[in-house]
Amino acid sequence: MSKEIDASIAIQVLPNVQGNEEIVRIVDEVIAYIKSKNLNTHVGPFETTIEGKYEELMEIVKECQIIAIKAGAPGVMSYVKINYKPKGDVLTIEQKISKHSE
């Protein structure tokens, strides 16, 4: 993505539901929402990383909770890592992981 970024976040959403199938179903809805934002995104086994403008990313983090509740979770725990540099120069997903790709 060529859009200038000033932040990257990693979010792990853990819906408070029973059963792996239900957890995966709700998390998949959250991931689909994140992907719908058309930002540079990397889905990993424990968290999803997104790059963009800080304010937009914070709105996405907020909405992830609402998506999980609307999908049927009575509660949700989320763990968020934020890298924010107002003047830019945030390491991109590509810079962080490309040397480890097969």
Path from I31 to I23 over hydrophobic side-chain contacts below 4.5 Å: yes

Evaluation steps, side-chain contact (heavy atoms from CB on, under 4.5 Å), between V13 and M77: CA-CA 6 Å; V13 175; M77 293 282 294; over 6 Å; no

Common cluster, I60/I66, ILVMFWY with side-chain heavy-atom separation under 4.5 Å: no

Min side-chain heavy-atom separation I82-Y54 under 4.5 Å: yes

Note: D6-K53 ion pair, threshold 4.0 Å (strictly below): yes

Interatomic spacing from CG in L14 to CZ in F46 - rounded to 0.5 Å: 10.5 Å

Separation between OG1 of T48 and NZ of K35, rounded to the nearest 0.5 Å: 8.0 Å

Donor + acceptor pair across side chains of Q12, S78 (<3.5 Å): no

Same cluster (ILVMFWY, side-chain, under 4.5 Å), L39 and M58: yes

Nearest-0.5 Å distance that lies between atom CG in L91 and atom OG in S8: 8.0 Å

ILVMFWY network linking Y33 to L57, side-chain heavy atoms under 4.5 angstrom: yes

Flag side-chain contact, heavy atom, 4.5 Å: N83 against E51: no

Y84 atom OH, neighbour heavy-atom count above 12 within 6.0 Å: yes

Verdict with reasoning, T41 to T49, per side-chain contact (heavy atoms from CB on, under 4.5 Å): CA-CA 6 Å; T41 303; T49 305; over 6 Å; no

Sidechain-backbone polar pair: E29 side chain, I26 backbone, donor-acceptor under 3.5 Å: no

Short N-O contact, K81 and E47, less than 4.0 angstrom: yes

Rounded distance (nearest 0.5 Å) linking atom NZ of K37 with atom CD of E59: 9.0 Å

Whether over 12 other heavy atoms sit under 6.0 Å from Q95 CD: yes

Of V43, I67, I50, V61, the residue whose pairing with I34 passes side chain to side chain contact (heavy atoms under 4.5 Å, CB included): I50

Salt-bridge criterion met for R25 and E22 (N-O under 4.0 Å): yes

Shortest non-hydrogen contact from V17 toward P74: CG1-CD, 3.9 Å

Smallest separation among heavy atoms of A7 and V90, with atom names: N-CG2, 3.7 Å

